[in-house]
Amino acid sequence: MEIGIKNTLTVDVIDSNTALAMGSGTLKVFATPAMIALIEETAWKSVADSLEEGMATVGISLNVNHLAPTPLGMNVRCETELVEIDGRKLKFKAEVYDEKGLIGNGIHERFIINSEKFQQKADSKKE
């Protein structure tokens with residue numbers, strides 16, 4: 001895995017990813033939680049093929065700015081770039097656009113984990 005890995009994902013603004021539907025507001029505009037999920041998905045998918053078998057990444061921090069609204073029917077594009085590797089910690093720069101320009105940006109950090117061990121640790125909380 002090397003610094004500079006990039007990825008782009010695109011979604012349409014539909015009823016289910018609006019602030020009204022997601023409970024983050026009262027308007028039919030692209031929701032901040034939907035933007036956060038898009039940033040995370042774009043980042044993890046960018047490095048998934050670079051990981052050893054049985055490994056994955058989990059989000060550990062996200063500092064995001066939602067700069068402009070996007071109404072129903074428009075397209076939203078997220079671009080991420082891996083900008084730092086510190087052991088198992090990965091830092092990504094994210095920019096989110098609609099058809100009119102930049103609507104969000106941020107820094108997202110993920111940590112490389114062993115999927116099976118991580119799931120076992122999580123499941124042990126129920127015991």
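Shown here are the side chain to side chain donor-acceptor pair (under 3.5 Å) partners of Lys93, two or more places apart in sequence or in another chain: there are none. Judged as a side chain to side chain donor-acceptor pair (under 3.5 Å), and not counting sequence neighbours, the contacts of Glu40 are Arg110.
Here the side chains of Asp98 and Phe30 are not in contact, with every heavy-atom distance at 4.5 Å or above. His108 has its side chain out of reach of Thr80: every pair of non-hydrogen atoms, C-beta onward, lies at least 4.5 Å apart. A 4.5 Å side-chain heavy-atom check between Val76 and Val13 finds at least one atom pair inside the cut-off. Using a 4.5 Å heavy-atom cutoff, the side chains of Lys117 and Ile113 are not in contact.
The shortest heavy-atom contact between Met74 and Thr70 is CB-CG2, 3.6 Å. Nearest heavy-atom pair across Met55 and Ser115 is C-OG, 3.8 Å. Of all non-hydrogen atoms in Thr42 and Asn7, the two that sit nearest each other are O-ND2, 3.0 Å.
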> Would Asp86 and Lys91 satisfy side-chain contact (heavy atoms from CB on, under 4.5 Å), going step by step from the backbone distance to the final call?
Replying inline: CA-CA 8 Å; Asp86 182 8; Lys91 183 185 283 188; over 6 Å; no
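Counting non-hydrogen atoms of neighbouring residues, nucleotides and ligands closer than 6.0 angstrom, the CG atom of Asp49 reaches no more than 12 such neighbours. Within 6.0 Å of CD in Glu99 there are more than 12 heavy atoms belonging to other residues, nucleotides or ligands.
Note that CG of Asn17 and CE of Met35 are 12.0 Å apart. Values are rounded to the nearest 0.5 Å.
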Do any side-chain atoms of residues 18-26 form donor-acceptor pairs under 3.5 angstrom with protein atoms, and if so which ones, sequence neighbours left out?
{"from": "Thr18", "atom 1": "OG1", "to": "Asp15", "atom 2": "O", "distance (Å)": "2.9"}
{"from": "Thr18", "atom 1": "OG1", "to": "Ala21", "atom 2": "N", "distance (Å)": "3.2"}

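For the pair Arg77 (side chain) and Tyr97 (backbone), a donor-acceptor distance under 3.5 Å is absent.
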